[in-house]
Every structure is written in C-alpha cells, then in structure tokens.
Amino acid sequence: MNEAKVYADGFSKSFMRQEEFLMFLRGIGRNSSWIRRRTKDLRLAVMEKGSKMEQAMKAAYTIGGMDEEIIDDTIQNTGLVLKVKGLYYPVRDCAVNTILNRAAISGNALKKVEKNVYARIINECLKVAKGDALLRLSEGKVSAVLGGDCQDYAVLDMEQVFLHAVDYLNQNFCGCTYLGGFYEHHMASALWELSGEDKLLEAYREELMLHDREAEEMKPVVRITTSDTGDSGVNIYPMLLSGERNDTIALGNPIRLKHKSGASMAEFDDNLQLIYGKYEVAVRGLSELLRIDILNPVNCMMGITKHLGISQKCRMEAVELFKSQYGEEPCTAHEIYYGISEILYMLACDGAEGSRIAKMEETIARALSVNWKEFDVPGNIRW
C-alpha cells in the first residue's frame, strides 16, 4: 500500500470514516480535469532517466508549482509521456490500456519490443485513428484516454456518485452505517451495512432452517464502486456479512450503469431505487444453491473456480481449507459457494488492495449462475 504520495502510480488509501472518504474525493476532483482532443493528434514519447525531456519536464513542473517527483515516479513506472498539442503529460500506468484502445491496437508482442519501438508503433496507429479522445488528467498525470465522441465515455463525477448514494441509503434504510472505503487511481469503492433491514434476509434465513442449516449472524451490506478511468461503471453490489468474522458473501451480478451513451446521475439515482428488489432476487439465487446436491465437492469446487478464472494459488488454498472443514463427503452447492467465498477473507488477510478484493467479489458472484452439475464429476482430475 502506498498512502504517502497521491500522484504515485501505486497510490492507494483506505478510509474508515465516511467524511474523510468524501473529503478526499473532493480533493481529487479539484486536482483533476477533462480535456477533449482529436485522437490522431495524440503522440506517445519515451522519457528516460537523465534525458533532456526529464530535465525539461521537471523544470516545467517546478515552475507550475507541481512536485517534480511526479516525473521520477513516471520514469520508474511507465516511462511514457503523452504529447497533446505541444504539451507533455506523464502517463500513469492505468492509462496505458486506454491509450492502446484509442489506437485500436493490442497484443502480447507489444510488451516484448523496445520502448521506443513500442511508442513508434502506437503513434503510427494514432495517426490514422478516428474520432475524439477524452483525457483524464489527475494529480499531474494522464490517468485515462477514453472515447471522446458523444456516444462514448460519459463522465459521472466520483464525489457526486457517493454523495447521492449516502443520501439515498440514509433516507431509505434505517440504521445505514458506513463500513469503509478505498481509493486507487483506477477505482473507488465504499461499503455500507443496512442494519435494521431484517426483511432483506428473512427469506434466506427461512430457507436455511428448512434445510437444517444454522442461520448464523448475517447483515445485509451494499458496495458501490466506480471509476473515472474506464475500469468500472457505477456499480451497486448487494452482499451480506456472515458469521463472527463478518465474512463477505457476494450475492450475484451488480446493478450496473456504464459510462456510455450519455449516462447521467439521474440514471444512477434510479438504480439506487432498485437495491431492495435486487436483494430479493439475489437472495433467491443464493437459496437455490441449498437445493443442488453435489456428490464430488472437491472436483466441483476446483472446476468452478478454474472456470471463473481464479488463480491456481487462490483456488488451491480455498479447496484445502474446504476439505479441512467439510471433508470430501457429498454436500450442497451452498457449502461450496461459501467455501469459494473464503478466498475474499484470504486476500484481506494477505493485505490485498481494495480493488483486487472488489474484483474478486464480482468474479465469485458469477458462480451463482453456473451449471453446478456440470462440474460435479468423479475421479482424479488434473485441474
């Protein structure tokens, strides 16, 4: 975690207080801007340690009252700058893929070529690119180069997203409590507990009892995640915290609002109103797992986690923990889903960044819609 210098590519910060989180986002907004340029007018250049470009950019940043260490951090990471109408901007690592997208170029071979060749290839593609580009400038660097035409990227102010969320949750869910949030340059997210809303989980508790399962302490929570670098839409995730450890259990696909085609805060406000109904649907999906009997739980768990694209290290650790808790006897898909969800706890214990945990939550939630029987196969299988 790098919480010292907000301009750094590796910067990340967690916030235990809602006021601190919102104040930080306000500060990011003040130090950021959007500019629109023709894509074919953009050019990429390499900046090396000790080069004339480094000296010139440090001098310009000093004159402009900006920290010259921004240039050092860029050289240590991407080593790239973007030329925009005679002005040079350091390129943050989260902007690289967006530049490739605007240039309509991709491929692993790009990573293997010399950096000057890399820049030259991209520039040749930029020269013939069509349409406008929307540049996100934040904390002294380019954080994204997005589609700038009317039907492309729609800007939704990050601070306003969370302010609207706070207002709606406080007005419509009694006992709403902020649990925490984080900011990284490509994503911001916050989590709220919806205390006092027992009806949200009432049907699920009844299903657990019908299947002779203990209804542990459970709390409904909602995560809201957004980005201004094209990494995420404005997404609302219904979730629950379970047991003494408050383990996170994802409850299916989020309510999504993509940064596309004129998306607006009014649409986000409409999505906030869907939260209650989304819980009813999501809990129904979790309850359905209680009715799916699995004869080969270890193979099923390995197959599903591989299907979801979860790393071998994470899935092996989760399977070993599952075997130590439940053995290898037949069970239901419900037990296996909770076992897969242990990966979230493992990542948190390992100090994983907030964005990695949030993305894993969404990955695991996809298991609710797979055909579990397809992975319930006997025998020794090399996963």
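Fair warning: this is a prediction, and the values are worked out from it, not measured in the lab.
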CD1 on Ile75 to CE on Met57, rounded to 0.5 Å: 9.5 Å
Is any side-chain heavy atom of Asp67 closer than 4.5 Å to one of Tyr61? no
Donor-acceptor contact below 3.5 Å, side chain Asp376 vs main chain Cys300: no
Please check this pair: side chain of Arg102 against backbone of Asn97, looking for a donor-acceptor N/O pair closer than 3.5 Å. no
Kindly indicate whether the side chain of Asp152, heavy atoms from C-beta on, has any atom under 4.5 Å from the side chain of Leu146. no
With a 3.5 Å cut-off and sequence neighbours excluded, list the donor-acceptor pairs that the side chains of residues 109-122 form with protein atoms.
| from | atom 1 | to | atom 2 | distance (Å) |
| --- | --- | --- | --- | --- |
| Lys115 | NZ | Thr78 | O | 2.7 |

Measure the acute angle between the ring planes of Tyr183 and His185, then classify it against the limits of 30° and 60° as parallel, tilted or perpendicular. perpendicular
Kindly state each residue pair satisfying side chain to side chain donor-acceptor pair (under 3.5 Å) with at least one member in residues 328-343, sequence neighbours excluded. Tyr204-His334, Tyr204-Tyr338, Arg213-Glu335, Arg245-Glu342, Thr332-Glu335
Is Leu80 reachable from Tyr88 through a run of hydrophobic residues whose side-chain heavy atoms are each under 4.5 Å from the next? no
Donor-acceptor pairs under 3.5 angstrom involving side-chain atoms of residues 276-286: please list them, not counting sequence neighbours.
| from | atom 1 | to | atom 2 | distance (Å) |
| --- | --- | --- | --- | --- |
| Lys278 | NZ | Asn253 | O | 2.9 |
| Tyr279 | OH | Val221 | N | 3.1 |
| Tyr279 | OH | Val221 | O | 2.0 |
| Tyr279 | OH | Met239 | N | 3.3 |
| Tyr279 | OH | Met239 | O | 3.0 |

Would you call Arg356 and Glu353 a salt bridge, taking side-chain N to carboxylate O under 4.0 Å as the test? no
Between the side chains of Ser355 and Glu184, is a donor N or O closer than 3.5 angstrom to an acceptor N or O? yes
Could you check whether Tyr237 and Glu361, counting side-chain N and O atoms only, form a donor-acceptor pair closer than 3.5 Å? no
Crowded around Lys40 NZ? As in, over 12 foreign heavy atoms under 6.0 Å? no
Any ring pair (Phe, Tyr, Trp, His ring centres under 6.0 Å) pairs touching residues 129-157, not counting sequence neighbours? Trp34-Tyr153, Tyr153-His259
Is it true that atom CZ of Arg38 has more than 12 heavy atoms of other residues, nucleotides or ligands lying nearer than 6.0 Å? no
All side-chain contact (heavy atoms from CB on, under 4.5 Å) counterparts of Asn77, not counting sequence neighbours: Asp9, Asp73
Tightest non-hydrogen contact, residues Ile364 and Ile340, listed as CD1-O, 3.6 Å
With sequence neighbours left out, what residues match Lys49 under salt bridge (Lys or Arg N to Asp or Glu O under 4.0 Å)? Glu54, Asp72
Indicate yes or no for a side-chain donor-acceptor contact from Thr177 to the backbone of Gly175 under 3.5 Å, with no hydrogens or angles considered. yes
Does a donor on one side chain and an acceptor on the other come within less than 3.5 Å for Ser232 and Ser227? no
Heavy-atom side-chain proximity of Val161 to Ile224 below 4.5 angstrom: yes
Pairs touching residues 267-276 that satisfy salt bridge (Lys or Arg N to Asp or Glu O under 4.0 Å), sequence neighbours left out: none
Counting only heavy atoms not in Lys83, do more than 12 sit closer than 6.0 Å to its NZ atom? no
Set of side-chain contact (heavy atoms from CB on, under 4.5 Å) partners for Ser311, sequence neighbours left out: Lys313, Cys314
If we ignore hydrogens and angles and just use 3.5 Å, is the side chain of Arg315 paired with the main-chain N or O of Ile310 as donor and acceptor? yes
Any chance you could lay out the salt bridge (charged side-chain N to carboxylate O under 4.0 Å, His left out) test for Asp231 and Lys359, step after step, and finish with the verdict? CA-CA 11 Å; Asp231 195 77; Lys359 288 180 178 179; 3.3 Å; yes
State which residues pass ring pair (Phe, Tyr, Trp, His ring centres under 6.0 Å) with Tyr345; sequence neighbours excluded, sorted by chain then number. none
Is there a side-chain contact between Pro220 and Leu240, using heavy atoms and a 4.5 Å cut-off? no
Does any pair with a residue in residues 123-136 pass salt bridge (Lys or Arg N to Asp or Glu O under 4.0 Å), and if so which ones, sequence neighbours excluded? Glu124-Lys127, Arg136-Asp228
Does some side-chain heavy atom of Pro297 sit less than 4.5 Å from a side-chain heavy atom of Phe322? yes
Report yes or no: do Val145 and Val91 belong to one cluster of Ile/Leu/Val/Met/Phe/Trp/Tyr joined by side chain heavy-atom distances under 4.5 Å? yes
Distance-only donor-acceptor hits, side chain of residues 19-31, under 3.5 Å, sequence neighbours excluded:
| from | atom 1 | to | atom 2 | distance (Å) |
| --- | --- | --- | --- | --- |
| Arg26 | NE | Glu159 | OE2 | 2.7 |
| Arg26 | NH2 | Glu159 | OE2 | 3.0 |
| Asn31 | ND2 | Gly27 | O | 3.4 |
| Asn31 | ND2 | Glu139 | OE2 | 3.2 |

Suppose we screen for ring pair (Phe, Tyr, Trp, His ring centres under 6.0 Å). Which residues come up paired with His307, at least two apart in sequence or across chains? Phe375
Any donor-acceptor pair under 3.5 Å linking the side chain of Arg223 with the backbone of Ala358? no
